Structures are given as structure tokens and as C-alpha cells.
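Since the model is a prediction, treat every value here as computed from it, not as a measurement.
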Amino acid sequence: MSNNPVRVQEDQKAKTSKRYMFLLVINYLFLFAGSLSSSLLSKFYFNHHGSSRWVSTWVQSAGFPLLIFPIYLPFYVLKCTDRRPFSHFTPRILILSILIGLMLGLNNLLFSWGNSYLPVSTSSLLLSSQLVFNLILSVIIVKQKITFQNLNCVVLLTLSSVLLALGSSHDKPQGLTRAKYFVGFFSTIGAGLLFALYLPVMEKIYKWIYCYEMVMEMQLVMEIAATALATAGMASDGGFSEMKRESQVKFDKGPEIYWVTVFANVVTWQLCFMGTAGMVFLTSSLTGGICMTALLAMNVLGGVLVYGDEFGGVKVVSTVLCGWGFCSYVYGMYLKMREEKEMENKNHGMEMAHNVVSANNV
């Protein structure tokens, strides 16, 4: 990768960029809508006798054609950039995108296993443990500084997950064996670990990227690789003919609702991954992880409200700890931003004083 790519437009990661706040808000909305909707729709699929974990894995990445819009519209339709799609997209970026895409495909499979066996509320709270791995790997990969606020956040979320593990062994869907419950439990933990690795790795790669369109180009390649892996798995499990049979025979809501569910899953998962990539590009891997953890509370409440998942004392305490940890991190971010603003104002004042003195000397 070139150390000095040709900058045909402003660096959109810079907070001074005119598009920064717009992109930040849009990507958080994508993350919010995608995370909540995809979690509930995946559970809906399994609750109504959808049984293929490969189908559930496939829908998480099969929406990659939607990425064509943010890649090509800015140049060919909106005329808001001079950069042609896939310019400066080097072979190294291509190879990295494919490898990371395969890793995402494995992560998607583990998530599907976990979500097929566990209630939405349990799987969502378990996934909060990815923040622990995220902090550790961010320190190693991108040299993230450990502060009291982010360490406190990690400790509280770890306690939340441990409490859940100790108190939710009875929280199993009807007919699910203890062995399969723990397969789902550890699959979800594995998905959290892989996704925690994905976040800082992408942050390191994004240091070479200066525009949102290029982030989406990388995301397109990654999703294609993940879809290829899922498609290979589906082929070994009966292929798309199995989907047709499942919609007609197994799914108790009928073929129409089955295909609407599949299509809605494809769209919402793509929104979720688009939002995640954008948040990491515009902020950091740790901040992206924090935002995702904050949304887990919404997934927990969604599972309770929509599916009637149990929400006893242990989950209440776990959710409170999760919220407490998130608030401590947000407060730490607020203090940091205030300190940076004060330092910026101080430097600006010193610069103005220096200019006045220089003018007087002239």
C-alpha cells in the first residue's frame, strides 16, 4: 500500500470534514436499525421452524449488492467526488479484504449457531463480552491507551457476562438439550471474539483509507468472500433447493412470509455491517464496539417485548451493569473531548497573541 495515496478529496475521518457528522449520524442509525432488526428477524426464522444455520449465515452477507449504491452514486449520480470507484484499490487491499471476509463468514456461522439455540436476550448479553476482547486486541493491534473509564467499562461488562453464564443455564427453549444449549453459549462467545478481532484489524487498515466510498468498496469484497463461504456450506447442506423445501414444508408461516423474512434479514444485516464499518472508520474500533454494546440493551428489551423471553433478576442485574459500563465510557469520552477543546482554545489564544506581537514588531 502506498504511504501517500493521492488525495483527490478531503480526509473524511477528520472532524473538520463537512461530511463527518453527517456520515457519523447516518452510520449509527444504520447500526441501530440493522442490529435490532436483524437479531429479532433471525430469532423469528428459528422460532417458526427455520432450521438451516447455513441459510441464517448466508443472509448475513448476501446483501452485498446494496453496497453498489454508496460506491457508485457519489461519482456517477451525485457528482460529489472526483474519485472514481475502486481507484487506489491495490492488490494488497484486495487480498486483505478477502481474508477478512472469510473470517467474517466464520463469525456469521458461529453467530447463527448461537442464535438458533439461545434466547435473543441471552445471546445479546453474551455478545457484550466482545468488548473485553476488543479492548485487549485494540491495545495490541492499534496501541489503544487504557484509561480508568474504558477499563471500568470492560470490568463491568465482564461481570455482566459472568452473572449471565452462572444464572441462565435454566433459560433454554423447550426441547433443547443441555449439550446444545452450551454449544450455542460457546458459539456466541466465539462469535464475539472473532468480531472483536475484526474491529481493531479494520481500524489499522482504515488508517490508510481517507474516504467513505473506499470503506464500502472493501466491505463489498469482504461480503462477497463471506457469501462465497456461506454458499459453499449451503451447497454441502442441500443448496438453495433446501431453502425452497424449507419454505414449503418446515416454516410454519408459509412460503410468502418465509421469503419476506429471508429478504428482510438480508437487508437489515447489510445495514448493520455498513454501520459498523462506518463507525470504525470515522471513530475507532473501541468506540465502535462500545456503540454496539449499547445497542445490545435494545436487543435484550426487543427479545423480551417481541418474543416473551424471560427477564428475571440475573438479566436485570446484567443489563444494569452493561448500562453502567457504557455510561462510564461515555463520560470518559466527554471528559477527553472537553480537555482537547480546552487545549485547542489555549493553543488558538497563544497563536493569536503571537500574531499580535509579530504585527506590533513590524
Validation row: F86, L220 side chains within 4.5 angstrom (heavy atoms): yes

Sub-4.5 Å side-chain heavy-atom contact between M243 and W259: yes

S38-T268 side chain donor-acceptor pair, cut-off 3.5 Å: no

Donor-acceptor pair, side chain of Y45 and main chain of S52, under 3.5 angstrom: yes

Rounded distance [0.5 Å steps], CE in M202 versus CZ in F281: 11.0 Å

S247 side-chain N/O to K244 backbone N/O, donor-acceptor pair under 3.5 Å: yes

T57 vs S112, side chain to side chain donor-acceptor pair (under 3.5 Å): CA-CA, chis, key distance, verdict: CA-CA 6 Å; T57 302; S112 296; 3.2 Å; yes

Between CG on residue L109 and CG on residue L229, distance to nearest 0.5 Å: 7.5 Å

Aromatic ring pairing F251/Y258, orientation class (parallel under 30°, perpendicular over 60°, tilted between): perpendicular

Path from L305 to V320 over hydrophobic side-chain contacts below 4.5 Å: no

Between CZ on residue F263 and CG on residue L41, distance to nearest 0.5 Å: 12.0 Å

Side-chain (S138) to main-chain (N134) donor-acceptor, under 3.5 angstrom: yes

Nearest heavy-atom neighbours spanning S42 and N265: OG-OD1, 3.3 Å

Cluster check I224, L99: I/L/V/M/F/W/Y, side chain < 4.5 angstrom: no

Under 3.5 Å donor-acceptor, S236 side chain and G233 backbone: yes

Side-chain heavy atoms of L24 within contact of M21, under 4.5 Å: yes

Cluster check L29, L40: I/L/V/M/F/W/Y, side chain < 4.5 angstrom: yes

Residue of the set I95, L197, I205 for which side chain to side chain contact (heavy atoms under 4.5 Å, CB included) holds with I100: I205

Nearest atoms (heavy-atom pairs only) where S285 meets E203: OG-OE1, 2.6 Å

Stepwise side-chain contact (heavy atoms from CB on, under 4.5 Å) check, C211 with T81: CA-CA 10 Å; C211 67; T81 179; over 6 Å; no

Atom of V55, atom of M234 and distance for their closest heavy-atom approach: CG2-CE, 4.1 Å

Between CD1 on residue I71 and OH on residue Y212, distance to nearest 0.5 Å: 10.0 Å

Linked, directly or transitively: M274 and F89 (ILVMFWY side chains, under 4.5 Å): yes

Residue pair H88 / M214: nearest heavy atoms and the distance that separates them: O-CE, 3.0 Å

Expected output: side-chain S37 to main-chain G34 donor-acceptor under 3.5 Å: no

Check: F44 main-chain N/O paired with Y307 side-chain donor or acceptor under 3.5 Å: yes

Interatomic distance, T188 atom OG1 to Y117 atom OH [nearest 0.5 angstrom]: 11.5 Å

Verdict with supporting geometry, W208 and T90, side-chain contact (heavy atoms from CB on, under 4.5 Å): CA-CA 11 Å; W208 301 96; T90 65; over 6 Å; no

Within 6.0 Å of NZ in K250, more than 12 heavy atoms from elsewhere: yes

Steps toward side-chain contact (heavy atoms from CB on, under 4.5 Å) verdict (F111, R53): CA-CA 9 Å; F111 178 84; R53 293 171 188 87; over 6 Å; no

Joint cluster assignment, V249 & V262, ILVMFWY side-chain distance < 4.5 Å: no

Gap separating the CG atom of L194 from the CG atom of L106, nearest 0.5 angstrom: 5.5 Å

Any L137 side-chain heavy atom under 4.5 Å of V201 side chain: no

Closest approach of L104 to Y198 (non-hydrogen atoms, all atoms of both residues): CD1-CE1, 3.9 Å

Under 3.5 Å donor-acceptor, N107 side chain and M103 backbone: no

Worked check of side-chain contact (heavy atoms from CB on, under 4.5 Å) between L102 and M222: CA-CA 7 Å; L102 294 174; M222 287 189 287; over 6 Å; no

Nearest non-hydrogen partners of V266 and A62, listed with the distance: CG1-C, 3.9 Å

